[in-house]
Amino acid sequence: MTSRSSRSTRGRRLIAAGLALSGLLLTACGDQEMPQNTLDPQGPIARKLDDLIDPVFVVAGVIFVLVQALTLIFALKYRRRSEDDQPVQVHGNPKLELAWTVVPAIILAVVSVLTLSVLADINREAKGDDVLTVEVIGHQWWWEYKYPEEGVVTANELHIPIDRDVNIRLTSEDVVHSFWPPKLAGKIDAIPDRINHMTVRAEKPGVYLGQCAEFCGLSHADMRLRVVAHEAGDWARWVAANTATPRVPEGEGDAAIGATLFRQKGCASCHSVAGYAKGDVGPDLSHLMQRDVFAGAIFEMSHENLRTWLRDPPGEKPGSLMPNLNLTEDEITKLIAYLDTLK
Ligand code: CUA
């Protein structure tokens with residue numbers, strides 16, 4: 001076999017391997033469920049972003065293909081063919097140089113005009129009677145949501161009505177976080193001592209997943225979030241359920257003992273429960289059982305998961321401010337019985 005033909009065999013093998021690899025990678029983009037897909041917008045703000053991505057991607061794609069193709073063609077066409085092969089010596093080409101300066105400048109100008117107009121549009125603060133205001137506060141590592149007009153405080157799950165602009169006033173309690181519900185909006189940083197605005201709007205009821213998108217320490221990956229969008233009626237019911245003051249359990253049952261433990265073990269110095277405890281370090285637990293997830297949205301709400309969490313919070317979410325209280329299984333049972341009353 002001559003060296004030229006072995007080289008072309010190797011080339012073909014390389015191309016085949018490349019195609020196989022990209023095939024494998026692209027199957028990951030198949031039709032599986034993709035809950036955090038920016039390219040599947042479910043509201044007008046996310047759609048504006050998607051409408052911007054498309055033309056910019058086309059421009060970038062055409063340039064990419066052109067540059068790669070020309071690089072290949074020139075590398076082959078002008079390759080060195082013999083030991084004394086010399087390229088033609090040239091000294092500048094003003095027309096060509098002008099062209100490769102002006103053309104990219106025009107392309108970038110068009111892209112930046114498109115980008116800036118969308119940015120100005122989505123960064124405008126939502127105003128009007130129909131706008132719902134929510135204060136979103138990032139903590140290491142969970143999200144707090146306060147609804148000043150409705151008097152609701154909750155965590156990890158942002159509940160919103162559909163077809164209404166939600167004006168998010170975003171800040172942070174500790175370090176920089178980034179709020180990102182990809183199907184509904186872009187990402188905006190949550191910065192301590194600063195309020196950033198973001199508008200979110202959903203068109204269909206449903207659960208939209210997201211997560212903190214700025215590295216914020218040990219459990220950054222455990223700082224997830226979900227936006228739950230409701231029809232108007234369900235929204236009103238959710239607000240009503242989350243503003244009622246929970247009844248403190250009395251008597252000799254597990255729930256009543258759990259309520260006492262909640263104070264004795266120090267839970268009450270970090271967590272609030274309307275009418276019972278006033279801590280302000282961890283999430284407000286007044287209506288814990290209204291939530292489907294807890295602890296930075298890493299756990300689905302269930303007795304089994306609450307038990308796992310209470311046994312060793314820093315073991316489940318590294319660096320968690322909630323310490324391991326070395327609770328006995330019996331104490332955990334009673335605390336869960338109490339938490340279960342926080343509907
Ligand atoms: Cu908060 Cu990453």
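Bear in mind the structure is a predicted one, so any value in this text is a computation, not a measurement.
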Calculate, to the nearest 0.5 Å, the distance between atoms CG and OH belonging to Leu288 and Tyr338 respectively. 10.0 Å
State, to 0.1 Å, how close Leu225 and Cys212 come at their nearest heavy-atom pair, and which atoms those are. CD2-N, 4.4 Å
Given the rule in the side-chain contact (heavy atoms from CB on, under 4.5 Å) test, do Asp254 and Thr333 qualify, once you have shown the distances and angles that lead to the verdict? CA-CA 8 Å; Asp254 279 1; Thr333 303; 4.2 Å; yes
Hydrophobic cluster identity match, Val239 and Leu342, side-chain contacts under 4.5 Å: no
Can you confirm whether Lys146 is buried at NZ, in the sense that more than 12 heavy atoms of other residues, nucleotides or ligands lie under 6.0 Å from that atom? no
For the OG1 atom of Thr115 and the CG atom of Leu52, what is their distance to the nearest 0.5 Å? 4.5 Å
The reported gap from CG in Asn156 to CG in Asp292 (rounded to nearest 0.5 angstrom) is 11.5 Å
Angle between ring planes, Tyr78 versus Phe74, binned at 30° and 60°: parallel, tilted or perpendicular? tilted
In Å, rounded to the nearest 0.5 Å, how long is the span from NZ of Lys183 to CG of Asp50? 11.5 Å
Run the ring pair (Phe, Tyr, Trp, His ring centres under 6.0 Å) test against His139 and tell me which residues pass, sequence neighbours left out. Trp142
Donor-acceptor check, side chain of Gln140 to backbone of Cys216, threshold 3.5 angstrom: yes or no? yes
I'd like to check the ring pair (Phe, Tyr, Trp, His ring centres under 6.0 Å) partners of Trp141; sequence neighbours left out, ordered by chain and number. none
Within a radius of less than 6.0 Å around CD of Gln36, do more than 12 heavy atoms belonging to other residues, nucleotides or ligands occur? yes
May I ask you to say whether Arg80 pairs ionically with Asp85, meaning some side-chain N is under 4.0 Å from a carboxylate O? no
Name the orientation class of the two ring planes belonging to His230 and His159 (parallel below 30°, tilted from 30 to 60°, perpendicular beyond 60°). parallel
Yes or no on side-chain contact (heavy atoms from CB on, under 4.5 Å) for Asn242 and Tyr147, after CA distance, side-chain angles and deciding distance? CA-CA 11 Å; Asn242 279 273; Tyr147 300 70; over 6 Å; no
May I ask you to say whether Lys334 pairs ionically with Asp330, meaning some side-chain N is under 4.0 Å from a carboxylate O? yes
Just do the side-chain contact (heavy atoms from CB on, under 4.5 Å) check on Leu339 and Leu285 with the steps written out, would you? CA-CA 8 Å; Leu339 295 177; Leu285 301 180; 4.2 Å; yes
Could you report the tightest heavy-atom contact between Ala46 and Pro182, atom names first, then the distance? CB-O, 4.1 Å
Atom CD of Glu97: over 12 foreign heavy atoms under 6.0 Å: yes
So how far is it from Ile188 CD1 to Ile168 CD1, rounded to the nearest 0.5 Å? 9.5 Å
Nearest heavy-atom approach of Ile160 to Ala202 is CD1-CB, 4.1 Å
Looking only at heavy atoms, what is the nearest atom pair of Ile162 and Glu231, with distance? CD1-OE1, 3.7 Å
So, the side chain of Arg263 versus the backbone of Ala277: is there a donor-acceptor pair under 3.5 Å, distance only? no
What's the verdict on side-chain contact (heavy atoms from CB on, under 4.5 Å) for Glu135 and Thr171, showing C-alpha distance, side-chain angles and the deciding distance? CA-CA 8 Å; Glu135 290 165 11; Thr171 188; over 6 Å; no
Does Thr154 form a side-chain hydrogen bond (donor to acceptor under 3.5 Å, both in side chains) with Arg291? I'd like the steps, not just the answer. CA-CA 9 Å; Thr154 185; Arg291 303 175 200 159; 3.0 Å; yes
With no hydrogens and no angle check, just 3.5 Å: does a side-chain donor-acceptor pair link Gln86 and Asp84? no
For the side chain of Glu157 and the backbone of Val293, is there at least one donor-acceptor N/O pair under 3.5 Å apart? yes
With His271, which residues qualify under ring pair (Phe, Tyr, Trp, His ring centres under 6.0 Å), at least two apart? none
Under 3.5 Å: donor-acceptor pair, side chain of Thr260, backbone of Ala256: yes
hydrophobic_cluster_shared for Leu158 and Ile45, side chain cutoff 4.5 Å: no
Point-to-point distance, once rounded to the nearest 0.5 Å, from CD of Gln211 to OG of Ser178: 10.0 Å
Please check if any side-chain donor atom of Asp284 sits under 3.5 Å from a side-chain acceptor atom of Ser286, or the reverse. yes
With no hydrogens and no angle check, do the side chains of Arg307 and Ser302 hold a donor and an acceptor under 3.5 Å apart? no
